There are 2 protein chains.
Amino acid sequence: MASIKDVAAEAGVSVATVSRVLNDHPSVSAEARARVLAAVEALGYRPNAVARSLRTDQTHTLGLVISDVLNPYFTELARSVEEEARALGYSVIIGNADERPDLQDHHVRNLLDRRIDGLLVSPTDGGSPLMLDAARAGTPMVFVDRWIPGVDVPVVRSDGRAAVRDLVAHLHGLGHRRVAIIAGPAATTTGRERVDAFRDALAAFGLELPDVYIGQGDFQAESGRRVTEGFLDLAEPPEAVFAADNLMALGALDAVRARGLRVPDDIALAAFDDIPWFVHTDPPVTAIAQPTGELGRAAVRALVDRIEGRPGESVTLPARLVVRRSCGENPTQVQRSTT
Amino acid sequence: MASIKDVAAEAGVSVATVSRVLNDHPSVSAEARARVLAAVEALGYRPNAVARSLRTDQTHTLGLVISDVLNPYFTELARSVEEEARALGYSVIIGNADERPDLQDHHVRNLLDRRIDGLLVSPTDGGSPLMLDAARAGTPMVFVDRWIPGVDVPVVRSDGRAAVRDLVAHLHGLGHRRVAIIAGPAATTTGRERVDAFRDALAAFGLELPDVYIGQGDFQAESGRRVTEGFLDLAEPPEAVFAADNLMALGALDAVRARGLRVPDDIALAAFDDIPWFVHTDPPVTAIAQPTGELGRAAVRALVDRIEGRPGESVTLPARLVVRRSCGENPTQVQRSTT
DNA sequence: CCCGTCGATGTAATCGATTCCACGGAGTCC
DNA sequence: GGACTCCGTGGAATCGATTACATCGACGGG
């Protein structure tokens, strides 16, 4: 592969001049510029990003460590992150943690070793020492969706409390009183918050969330299935189940179907995170929708701000309830999905 | 960030010795090794992958350019690719082409500039000059799922012809005679092949595939919706529609639902690519399942073989039909999904 | 006792870029 | 006409690693 030296030789100038042309530095004569450009063309020269990064100490690359690529929420997030990053002149390297702290650390380390300019993370756990060290050492970092408390890193996320209250009102309005939740890992903020928000909202209606109605999941489908089976095995199963993410809702649907039961007749179901498929499931699933694309874009902007020396602010956007049919029919319901 | 020089100074040895310890070269005394390791620990030193790559001309990185991250088929593929690559000591950088040749080229160029060791591509078009040049120039490359004919690059894909024949037999058995297809872009191999396979299989049953029953999609949901609306507007709409991927099937479901029609009563639907959600859609969707994970792993193995100087072979694995209810009920049907 | 071998180590070149500094020539000002 | 600016250019240092080659000391064989 041709290097800058080959181009210099071909154009009959020094490597310094070639470099100047390539980085359009002003002080290059029109003639030299033309010769260099011709040589670049002739040799099919492309600058070596590795060498450039070594010298400039910049990779123009962002690292994104997401919790699970198989989760449509995170792929949508990844897509918007890459789009915004590209618009700002950055590339993105994605690491999939698969909800495993060890894999998360593997990717964080890998990205740090590659000297990415900044890191976007949705932590799968309470905080690996590795990531905390990196944050303390000054690696530009932004948390997205999930975060780690007590670290001085901007957080871009959505607040689902209001939407959860709407959901509980919806469930209550449909007559559900025994309601359960399939929670995410307690080590994650979203894992805890969604349970807390749900419990608080229930309390406002004078309802309790007993421990047997809190199933411990891990945000992946299999755990949703397992927890739901546990609920169905109870002497007094819940009337409604709220899955803290879309994959666990999928697992719950699997479990319900395996028992030959029906949603919502036998048990109501709602999920956090709305995805296109929820419109077409049997029944369509009532869900809490996050402004995913906007979150991804805001996170990139905050990160790039940090990288380029500007403050980089936290952002919290509201989620909203999208009512469909999985919690039961209620003709008087005001809010209703149009899609 | 500490460099190898700092470690050398801290340990009281030369950088060469540090490098030897880090790459466990045999000829280093136990004592020097211990001192270096202690210094590494004390400084929290991590080797700079950029510098290392520049020197060794290896990045231990694979590039993966997929057609669409929002397509669950490709995210599953990406996941298995990353897993296998990790097992073989490589990282993966994903580029999302979003079914756009220009974006595909952007990512290919970006990956090439980063001097990735090898490239895994599922081309969105008939072949960008950029990619062909790279292949000719000797960049280790493997096509996965889709490929470009006439290029000497291994292809890892699945053959759906038999499964398509099974599907057509299934449709025919259910009494469907007017069947249509939502095709992928003709510039892609999978776009063409699936139409050809479908047409051939229909011919075996004495059925035709008229042009009006071939809708041109682009493998994304919106096109599935548009094409399906076109079909429904025909004076004689098809009785069954075969979507050439899962996203176009989603679009088709949207279109059918928007008209207030039902699958399969008003129109039957089948899709290429099986995904977990198809079990729970209304109705569950009959689909052709590819061995996606195995494809991803085989592709990585072929690519790494090429990179490391071994041959690197093409692989073709069979797809299979998974019958559900979206084409109509048939109690005598032998093959039936259990999930 | 001397020399050859081998193991451990250091010096320095190298990868492909960027960029500081110096230099020569042209133009300007007084 | 001489001094001073600029402008365009090239030489060379530099980034952080790897590695060929040189060196040095210890050791074993003849």
Side-chain angles (χ1 to χ4, degrees), chain A residues 1-40 43-61 89 109-117 137, chain B residues 1-40 43-61 89 109-117 137:
Chain A
M1 194 145 239
S3 81
I4 195 169
K5 274 189 203 150
D6 304 316
V7 176
E10 171 87 12
V13 298
S14 72
V15 293
T17 300
V18 176
S19 177
R20 289 193 190 97
V21 171
L22 263 29
N23 296 285
D24 37 39
H25 184 96
S27 103
V28 181
S29 70
E31 202 239 328
R33 159 163 289 115
R35 289 234 304 284
V36 167
L37 259 20
V40 164
L43 298 174
Y45 169 76
R46 291 252 79 211
N48 183 326
V50 175
R52 191 201 294 258
S53 292
L54 176 61
R55 182 60 234 250
T56 61
D57 204 30
Q58 290 183 31
T59 51
H60 276 281
T61 302
R109 199 183 313 275
N110 184 263
L111 292 165
L112 257 22
D113 286 356
R114 287 169 182 272
R115 303 298 192 264
I116 44 137
D117 293 341
Chain B
M1 195 144 238
S3 83
I4 196 169
K5 274 189 203 153
D6 304 316
V7 176
E10 171 87 10
V13 299
S14 72
V15 294
T17 300
V18 175
S19 177
R20 289 197 189 94
V21 171
L22 264 29
N23 297 285
D24 37 39
H25 184 97
S27 105
V28 182
S29 70
E31 203 240 324
R33 160 165 287 116
R35 289 232 305 283
V36 167
L37 259 20
V40 164
L43 299 175
Y45 169 76
R46 292 252 81 210
N48 183 326
V50 175
R52 190 200 296 258
S53 294
L54 177 60
R55 184 58 234 251
T56 61
D57 205 30
Q58 290 184 31
T59 51
H60 275 278
T61 302
R109 199 184 313 275
N110 184 263
L111 293 165
L112 256 22
D113 286 355
R114 287 170 183 272
R115 302 301 193 262
I116 45 138
D117 293 342

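Each chain gets a letter, A, B and so on, in the order its sequence line appears, and its residues count up from 1. Computed from a predicted model, the values in this text were never measured in an experiment. The analysis underlying the following values was restricted to heavy atoms, covering all of them including side chains, and did not include hydrogens, waters or symmetry mates.
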For [X], what residues pass the salt bridge (charged side-chain N to carboxylate O under 4.0 Å, His left out) criterion, not counting sequence neighbours?
X	result
B/Arg33	none
A/Arg35	A/Glu31
A/Arg109	none
A/Asp57	none

For A/Leu111 and A/Ile116, the nearest pair of non-hydrogen atoms, with its separation, is O-CG1, 3.1 Å

Exercise. Is there a donor-acceptor pair under 3.5 Å between the side chain of B/Thr59 and the backbone N or O of B/Arg115?
Worked result: yes

Ordered by number, residues from residues 43-57 of chain A within less than 4.0 Å of DNA chain D (heavy atoms) are A/Leu54, A/Arg55

Identify each donor-acceptor pair in which a side-chain atom of residues 48-55 of chain A lies under 3.5 Å from a protein atom, sequence neighbours left out, and give them as a table.
| from | atom 1 | to | atom 2 | distance (Å) |
| --- | --- | --- | --- | --- |
| A/Asn48 | OD1 | A/Val50 | N | 2.8 |
| A/Asn48 | OD1 | A/Ala51 | N | 3.2 |
| A/Arg52 | NH1 | A/Asn23 | OD1 | 3.3 |
| A/Ser53 | OG | A/Ala49 | O | 2.9 |
| A/Ser53 | OG | A/Gln58 | O | 3.1 |

Side chain to side chain contact (heavy atoms under 4.5 Å, CB included) between B/Asp117 and B/Thr61, worked out = CA-CA 6 Å; B/Asp117 293 342; B/Thr61 302; 5.6 Å; no

Under 3.5 Å, which donor-acceptor pairs link side chains of residues 1-10 of chain B to any protein atom two or more places apart or in another chain?
| from | atom 1 | to | atom 2 | distance (Å) |
| --- | --- | --- | --- | --- |
| B/Ser3 | OG | B/Lys5 | N | 3.1 |
| B/Asp6 | OD2 | B/Ser3 | N | 2.7 |

Computed from five pairs at either end and rounded to 10 degrees, the angle between the axes of the helix from C/dC1-D/dG30 to C/dC30-D/dG1 is 50°

Within residues 17-37 of chain A, those residues having any heavy atom closer than 4.0 Å to DNA chain C are A/Ser19, A/Arg20, A/Asn23

d(A/Arg114 CZ, B/Arg46 CZ) to nearest 0.5 Å is 12.5 Å

In the 5' to 3' direction, the nucleotides of DNA chain C bounding the stretch that comes under 4.0 Å of a heavy atom in chain B are C/dA8 to C/dG16

Between CD1 of A/Ile4 and P of D/dA12 the distance, given in whole Å, is 17 Å

